[in-house]
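Structure, as structure tokens:
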Amino acid sequence: MAKISTIGVLTSGGDAPGMNAAIRAVTRAAIYNGWKVKGIYRGWEGLINNEIKDFTSESVSGTINRGGTILRTARSKGFMDEAGRAKAYENMRAHGIDALIVIGGNGSLAGAQAIAAEHDIPCVGLPGTIDNDLYGTDTTIGYDTALNTIMECVDKIRDTASSHERLFIVEVMGRDAGFLALNGTIATGAEACVLPEIDPEFERINQFIANGLRRTKSSSIVLFAEGREKDYNIMEVADGMRQRFPELDVRVSILGYLQRGGSPTANDRILASRLGVASIDALLEGQRNVMIGLRNNELVYVPFTKAIKDDKPIDRDTVRAQEILAS
């Protein structure tokens with residue numbers, strides 16, 4: 001492998017709280033090891049358009065507490081084509097970039113895998129997504145903050161639900177994964193959740209709600225994972241529950257993009273910092289085409305092929321615990 005003297009760092013896809021902490025860690029760890037750092041703005045699209053600047057330790061000062069990403073992010077149709085990736089590679093070479101650190105989710109790491117294969121560039125990925133859906137890591141950058149945001153929002157919804165004897169169906173993010181919905185249900189004491197990984201037994205969900213009403217609960221909340229929308233429209237689910245529980249005022253609340261914002265939690269700041277430093281260590285060791293993950297609090301290298309293509313299973317013990325708690 002050619003000697004590395006300059007690395008590029010970019011964020012791609014959906015933003016996630018903690019990305020700035022990761023950028024900061026990558027930058028300072030690289031400089032600590034005598035390397036130069038180039039910040040690539042607006043992800044793969046910015047690499048194609050030559051939006052590249054020198055980064056110093058001062059460039060990332062005061063960023064660890066900030067949500068979003070100082071490097072900005074964008075979706076890039078151009079990078080999906082080989083010609084677009086060739087243009088991105090030309091810009092890398094013009095700036096003397098020898099290796100890439102890519103912070104993002106499935107699509108971002110797939111892009112890293114593609115350019116690495118076509119142009120023999122060492123690439124290391126950091127799992128930056130609130131969805132927590134990347135295989136090989138127990139958690140991803142941004143997931144903890146998003147989960148806490150859901151908890152805070154649902155706690156507030158519970159106040160008005162109790163005051164008006166309402167049943168709220170709350171849609172949360174997660175793409176095709178139900179980690180936010182499942183753990184959000186446990187954290188908020190919600191009555192039930194609808195997950196993409198498990199066919200919903202609506203009569204069973206209705207039973208959880210009915211059990212709560214028999215215990216004189218004045219409100220009910222169901223968390224609905226957005227990935228289930230392709231099979232069950234949330235408004236149709238709400239109509240069904242109105243028929244089943246005419247005594248309750250059924251409302252729908254879609255939390256939306258507020259789940260991706262906000263200052264990252266301590267857990268996300270620490271996770272992002274550890275993974276960022278580990279990404280530079282990986283390049284020093286000659287690693288390439290790997291994502292840095294965390295398993296049982298130990299840093300691990302996960303090949304892109306597994307991180308992207310393998311499905312991360314929902315934990316059935318956690319599903320069982322949620323059902324027991326709601327019964």
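Since the model is a prediction, treat every value here as computed from it, not as a measurement.
Placement of Leu271 and Val277 in two distinct hydrophobic clusters is found when ILVMFWY residues are connected by side-chain heavy-atom separations under 4.5 Å, directly or transitively.
For Asn50, the side chain to side chain contact (heavy atoms under 4.5 Å, CB included) partners at least two apart in sequence or on another chain are Ile52, Asn91, His95. Applying the ring-ring contact (aromatic ring centres under 6.0 Å, His included) rule to Tyr89 yields the partners His119; only residues at least two apart in sequence or on another chain are considered. Among residues two or more places apart in sequence or in another chain, the ring-ring contact (aromatic ring centres under 6.0 Å, His included) test is passed with Phe79 by Trp44. Residues satisfying the salt bridge (charged side-chain N to carboxylate O under 4.0 Å, His left out) test with Arg228, not counting sequence neighbours, are Asp199, Asp231. In this view, Lys87 satisfies the side-chain hydrogen bond (donor to acceptor under 3.5 Å, both in side chains) rule with no residue, not counting sequence neighbours. By the ring-ring contact (aromatic ring centres under 6.0 Å, His included) test, Tyr32 pairs with no residue at all, sequence neighbours left out.
Between Asp249 and His164, the closest side-chain pair of non-hydrogen atoms is not below 4.5 Å.
Listed by first and then second residue, the salt bridge (charged side-chain N to carboxylate O under 4.0 Å, His left out) pairs involving residues 128-146 are Asp133-Arg175 (not counting sequence neighbours). Sorted by first and then second residue, the salt bridge (charged side-chain N to carboxylate O under 4.0 Å, His left out) pairs involving residues 303-320 (not counting sequence neighbours) are Lys306-Asp310. Sorted by first and then second residue, the salt bridge (charged side-chain N to carboxylate O under 4.0 Å, His left out) pairs with a member in residues 109-125 read Arg85-Glu118, Asp120-Arg288; sequence neighbours excluded.
With hydrogens and angles disregarded, a donor-acceptor distance shorter than 3.5 Å links the side chain of Arg269 to the backbone of Pro264. The closest donor-acceptor contact from the side chain of Asn233 to the backbone of Met235 lies under 3.5 Å.
There is a side-chain donor-acceptor pair under 3.5 Å between Asp268 and Thr145.
Other residues sharing a hydrophobic cluster with Ile130 under the 4.5 Å side-chain heavy-atom criterion for ILVMFWY residues are Tyr143, Leu147, Ile150, Val154, Ile157, Phe168, Val170, Val172, Met173, Phe179, Leu180, Leu182, Leu195, Ile198, Ile221, Leu223, Leu255, Tyr257, Ile314, Val319. Through side-chain heavy atoms spaced under 4.5 Å, either directly or across other Ile, Leu, Val, Met, Phe, Trp or Tyr residues, Ile64 is tied to no other residue.
The heavy-atom pair separating Cys123 from Ile115 by the smallest distance is SG-CG2, 4.1 Å. For the residue pair Ala272 and Ala25, the shortest heavy atom distance occurs at O-CB, 4.1 Å. When every heavy atom of Pro200 is checked against every heavy atom of Tyr232, the shortest pair comes out as CG-CE1, 3.5 Å. In plain terms, the two heavy atoms of Ile31 and Ser57 that are nearest each other are CD1-N, 3.6 Å.
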Determine whether Arg242 and Asp239 satisfy the following criterion, salt bridge (charged side-chain N to carboxylate O under 4.0 Å, His left out), listing intermediate values before the conclusion. CA-CA 5 Å; Arg242 288 187 183 100; Asp239 288 339; 2.7 Å; yes
What pairs of donor and acceptor atoms, side-chain ones from residues 6-22 against any protein atom, are under 3.5 angstrom apart with sequence neighbours left out?
from	atom 1	to	atom 2	distance (Å)
Thr11	OG1	Thr69	OG1	2.9
Thr11	OG1	Arg72	O	2.8
Ser12	OG	Ser108	OG	3.2
Asp15	OD1	Arg260	NE	3.2
Asp15	OD1	Arg260	NH2	3.4
Asn20	OD1	Ile70	N	2.6
Asn20	ND2	Arg66	O	3.2
Asn20	ND2	Gly67	O	3.2
Asn20	ND2	Gly68	O	3.4

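Taking the charged nitrogens against the carboxylate oxygens, Arg158 and Asp155 have no contact shorter than 4.0 Å, which rules out a salt bridge.
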